[in-house]
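Since the structure is predicted, the reported quantities are computational estimates derived from the model, not experimental observations. Because only heavy atoms are used, hydrogens play no part in the values below, and waters and symmetry mates are left out as well, while side chains stay in.
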There are 2 protein chains.
Amino acid sequence: MIEANNPQRRSFIEIPEGSDFPIQNLPFGIFSVGDDEQRAGVALGEKVIDLSALFELGYLTSVDENVFSYPMLNPFIAMGNATTRAVRNELALLFDAENPKLREQKSDLEKVLFNQADVTMHLPVEIGDYTDFYSSKEHATNVGTMFRDPNNALLPNWLHLPVGYHGRASSIIPSGIPVRRPKGQSLPAEAENPVFGPSKLMDFELEMAFISHQGKDLGERISISEAEDYIFGMVIFNDWSARDLQKWEYVPLGPFLAKNFASSISPWIVTLDALEPYRVDGPVQEPTPLPYLQFEGKRSFDINLEAYITPENSVASKVCHSNFKFMYWNMAQQLAHHTINGCNINAGDFFASGTISGPTPDSYGSMLELAWKGTKPLKLDDGSERKFIQDHDTVTMKAYCDNGSVRMGFGEVSSKVLPAT
Amino acid sequence: MIEANNPQRRSFIEIPEGSDFPIQNLPFGIFSVGDDEQRAGVALGEKVIDLSALFELGYLTSVDENVFSYPMLNPFIAMGNATTRAVRNELALLFDAENPKLREQKSDLEKVLFNQADVTMHLPVEIGDYTDFYSSKEHATNVGTMFRDPNNALLPNWLHLPVGYHGRASSIIPSGIPVRRPKGQSLPAEAENPVFGPSKLMDFELEMAFISHQGKDLGERISISEAEDYIFGMVIFNDWSARDLQKWEYVPLGPFLAKNFASSISPWIVTLDALEPYRVDGPVQEPTPLPYLQFEGKRSFDINLEAYITPENSVASKVCHSNFKFMYWNMAQQLAHHTINGCNINAGDFFASGTISGPTPDSYGSMLELAWKGTKPLKLDDGSERKFIQDHDTVTMKAYCDNGSVRMGFGEVSSKVLPAT
């Protein structure tokens with residue numbers, strides 16, 4: 001067992017009941033306080049541990065230099081999973097209730113602990129490349145049923161490979177930054193020519209994403225058995241989508257402006273190590289994939305996913321409850337596929353799952369599916385209805401794991417939609 | 001007129017007849033000598049001017065700090081086109097045959113000049129995001145004719161917007177680096193299930209690409225009238241493609257592993273300023289595009305493009321002669337479209353044209369079109385035939401402008417294909 005995952009461990013830091021950040025989690029992020037420099041931190045209960053300060057005080061010995069003082073986690077992540085695991089284990093021991101080493105150094109504690117309520121969270125990594133997969137069978141089936149043929153909803157390649165495409169890294173933003181409704185071209189029903197204006201069909205997509213360690217050189221492959229060694233951790237991902245723009249532009253080369261106006265992520269990277277206790281089997285894969293996609297063991301994770309819509313000055317309504325375990329293609333398969341042609345990956349690269357829909361209508365991960373192309377409007381708790389996302393709505397996504405022994409979570413990604421300018 | 005573009009100017013550096021790098025060009029790149037650090041340079045005749053050394057010696061006054069000492073041009077490009085233009089103008093005056101200032105300082109000249117034959121060229125920029133357009137009407141028509149319907153070769157959106165998609169930045173490599181034939185899935189004719197193996201249909205795509213200055217904030221747009229202010233310069237781009245992998249994987253989200261195993265670029269960025277004398281009108285656009293895509297003036301450029309295949313231990317055969325001016329959608333339209341939804345761009349971002357095919361069969365920019373899906377094999381000068389690219393073939397692309405007054409070029413991008421491992 002990974003030392004930091006010990007379910008018995010308690011911290012001397014108070015952890016509120018139901019917190020996403022017990023001592024068994026210890027997710028990494030980038031924060032700042034006031035006008036201070038951005039640096040690396042770890043969430044514990046309602047606190048942020050300042051890793052840069054902790055290193056300078058001599059408490060972290062798994063690294064030789066202060067890789068925590070940079071405004072992004074890439075230099076730390078690039079050191080590889082042996083190092084990132086060692087640092088997380090050190091933190092678990094250091095904040096263990098039984099360990100007096102740091103506990104009794106009140107002045108040091110004051111230097112390394114901040115209230116989460118007092119800090120600003122930033123993008124945790126500088127994302128070199130971003131790939132979006134399309135790995136939920138239920139989502140692909142729903143989309144195929146709506147837009148193509150219900151009897152042939154899945155395209156011929158879908159069951160043979162994890163379909164994916166490249167996305168825009170520059171417009172990935174952290175939780176809390178409002179998102180502007182995009183303008184663009186769309187083709188009205190029955191029209192011959194496109195029109196220009198604000199998107200009328202703005203949507204969220206409930207996804208998770210993983211962030212990679214440094215990969216191999218161009219031309220080399222990461223096999224499926226070693227793939228998880230190259231995965232540092234995961235975040236929640238809202239892949240904002242303008243459905244009307246998408247429908248008009250996406251043939252034949254895929255979505256472009258319908259997606260790249262903004263994508264929002266939760267700020268704390270939960271390590272794959274921390275997720276170890278939540279491994280489960282994924283869906284049965286039939287037909288059997290080609291050998292390079294065949295895997296052993298449990299490669300899926302039981303992560304509850306929720307999406308909420310909060311109209312302005314109103315209450316939050318839960319509109320979706322899905323689970324990461326519904327994904328047909330697992331992360332190891334995605335990464336093995338991505339590099340089978342020799343494509344290189346770098347530390348801090350970003351790989352999203354695609355919308356994660358489950359088998360039941362309340363588990364669909366987008367408004368497109370939840371309101372079934374606008375034909376079944378969702379009733380919110382305040383009585384209003386939604387076919388898609390309206391201006392001033394806030395969309396919030398949460399994710400958590402609970403195996404009966406330890407509950408931990410990802411925090412949230414929450415962003416308000418502003419009207420087009 | 002931009003000072004550096006003066007067609008009368010001569011340099012005290014010898015420029016061989018037909019050189020791509022007369023003093024009117026002055027393209028920027030990143031070079032190293034032996035084990036030295038990478039830094040910024042400019043090509044002049046057969047020499048490289050070491051900008052970092054030139055700055056340290058006090059000859060460059062348009063910038064306050066040595067932005068040329070970095071291993072990529074991003075910090076320089078990020079200063080904007082007023083600065084990059086000023087530096088190029090300074091260089092033109094400094095190396096003018098009539099100017100004794102540097103000409104007479106032999107020991108300084110020795111410090112700042114290297115033979116191109118003695119240096120290693122690197123990627124000129126760290127590419128944050130890479131977008132590939134699909135802007136040649138002839139190419140889109142050829143592909144549509146081959147794979148869909150000759151009577152409806154262009155998809156409905158094609159004449160209304162510059163179709164584009166996101167590509168992989170990590171696998172963009174400079175000229176000279178060999179490219180490994182990728183392995184992957186493809187669906188043989190008549191087969192029900194895909195097979196795995198080396199791509200059998202490896203192809204080049206003859207493209208140009210532009211590199212951007214720092215853009216605006218997320219949520220803001222770059223209008224078409226200001227778009228060219230955000231374009232630093234251009235390179236030649238070989239968008240390697242594995243046609244069999246592409247055909248099987250690309251529906252519905254676009255090309256992925258068929259492209260991201262490698263893309264090769266020429267190392268010298270020819271500035272948009274240097275290309276000013278080669279402006280021409282582009283193709284007539286009918287129907288008239290939406291207002292945000294309407295432009296004034298000449299926004300196309302007369303750039304001759306050539307592709308060569310050199311079998312191992314054999315001679316080079318020219319297989320294609322195309323021209324950048326054939327592009328239906330110009331760069332200003334591409335950039336205005338890319339940001340119309342608020343998508344942000346950064347200094348050093350990369351925007352490729354898509355395959356540039358002309359109206360005649362010898363101007364098609366890919367083997368797919370030149371050999372018409374393998375039905376019309378090309379005869380090379382050594383008597384061998386090609387339907388696609390074979391192992392150990394070297395593909396070389398060149399680009400040059402000649403308006404009768406000044407001839408200048410881009411150098412070349414040349415890469416050998418290695419067998420799959």
Side-chain angles (χ1 to χ4, degrees), chain A residues 128-132 134 143 155-157 160-161 163-171 173 177 179-180 182-185 187 193-196 199 218-219 221 242 245 248-258 260-262 287 290-292 337-338 340-346 349 418 421, chain B residues 128-132 134 143 155-157 160-161 163-171 173 177 179-180 182-185 187 193-196 199 218-219 221 242 245 248-258 260-262 287 290-292 337-338 340-346 349 418 421:
Chain A
D129 275 294
Y130 149 45
T131 297
D132 196 19
Y134 185 59
V143 171
L155 287 163
N157 56 16
H160 295 281
L161 54 83
V163 170
Y165 68 111
H166 299 298
R168 182 89 191 166
S170 70
S171 51
I173 52 178
I177 307 278
V179 170
R180 180 83 49 194
K183 285 183 169 177
Q185 291 192 26
L187 189 71
N193 288 309
V195 297
F196 178 78
S199 168
L218 186 67
R221 298 155 199 163
L245 277 52
W248 172 235
E249 75 172 357
Y250 92 105
V251 176
L253 298 178
F256 184 52
L257 300 189
N260 67 15
F261 60 94
L290 282 162
Y292 78 93
H337 182 64
H338 203 315
I340 189 66
N341 67 344
C343 181
N344 55 336
I345 66 162
N346 292 309
D349 283 353
L418 302 180
T421 45
Chain B
D129 274 294
Y130 149 44
T131 297
D132 196 19
Y134 186 57
V143 171
L155 287 162
N157 57 15
H160 295 281
L161 54 82
V163 170
Y165 69 111
H166 298 298
R168 181 88 191 168
S170 70
S171 51
I173 53 177
I177 308 278
V179 170
R180 180 80 53 194
K183 284 183 170 177
Q185 291 192 26
L187 189 70
N193 288 310
V195 297
F196 177 77
S199 168
L218 186 67
R221 296 155 201 165
L245 277 52
W248 172 236
E249 76 173 356
Y250 92 105
V251 176
L253 298 178
F256 185 51
L257 300 190
N260 67 16
F261 59 94
L290 283 161
Y292 79 93
H337 182 65
H338 203 315
I340 189 65
N341 67 343
C343 181
N344 55 337
I345 65 160
N346 291 309
D349 283 353
L418 302 181
T421 45

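Using a 4.5 Å cut-off between heavy atoms, B:Leu290 contacts chain A through its side chain alone, with no backbone atom that close. Residue contact with chain B, scored on non-hydrogen atoms closer than 4.5 Å, involves the side chain of A:Asp349 exclusively. With a 4.5 Å cut-off on non-hydrogen atoms, A:Ile345 touches chain B through its backbone and its side chain both. Both the backbone and the side chain of A:Leu161 come within less than 4.5 Å of a heavy atom in chain B.
Here the side chains of A:Gln185 and B:Ile340 are not in contact, with every heavy-atom distance at 4.5 Å or above.
Ring planes of B:His338 and A:Phe256: perpendicular class, angle over 60° (limits at 30 and 60°).
Taken from CG in A:Asn260 to OH in B:Tyr165, the straight-line distance is 14.5 Å, to the nearest 0.5 Å. Rounding to the nearest 0.5 Å places CG of B:Asn341 at 12.0 Å from NZ of A:Lys183.
Qualifying salt bridge (charged side-chain N to carboxylate O under 4.0 Å, His left out) partners for A:Asp129, counting only residues two or more places apart in sequence or in other chains: B:Arg168. For B:Asn344, the side chain to side chain contact (heavy atoms under 4.5 Å, CB included) partners at least two apart in sequence or on another chain are A:Ser170, A:Ser171, B:Leu218.
Counting heavy-atom pairs closer than 4.5 Å to chain A, the top residue among B:Pro194, B:Gly184, B:Ala262, B:Pro291 is B:Pro194. Comparing A:Tyr250, A:Phe261, A:Tyr130, A:Trp248 by how many heavy-atom pairs each has under 4.5 Å with chain B, the most go to A:Trp248. Residue with the most contacts toward chain B among A:Pro156, A:Pro287, A:Ala242, A:Gly128: A:Pro156 (heavy-atom pairs, distance under 4.5 Å). Among B:Pro182, B:Ser199, B:Gly254, the residue making the largest number of heavy-atom pairs under 4.5 Å with chain A is B:Gly254. When A:Ala258, A:Gly219, A:Ala169, A:Pro255 are compared by the number of non-hydrogen pairs under 4.5 Å with chain B, A:Ala169 comes out ahead.
Between A:Asn157 and B:Val251, the shortest heavy-atom contact is ND2-O, 3.0 Å. The minimum heavy-atom distance linking A:Tyr134 with B:Pro252 is given by the pair CE2-CG, 4.3 Å. Of all the heavy atoms in A:Leu253 and B:Val163, the pair that sits closest is CD1-CG1, 3.9 Å.
Aromatic rings from A:Tyr292 and B:Phe196 are positioned such that their centres are separated by under 6.0 Å.
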Side chain to side chain contact (heavy atoms under 4.5 Å, CB included) between A:Arg221 and B:Thr421, intermediate numbers included = CA-CA 10 Å; A:Arg221 298 155 199 163; B:Thr421 45; 3.4 Å; yes

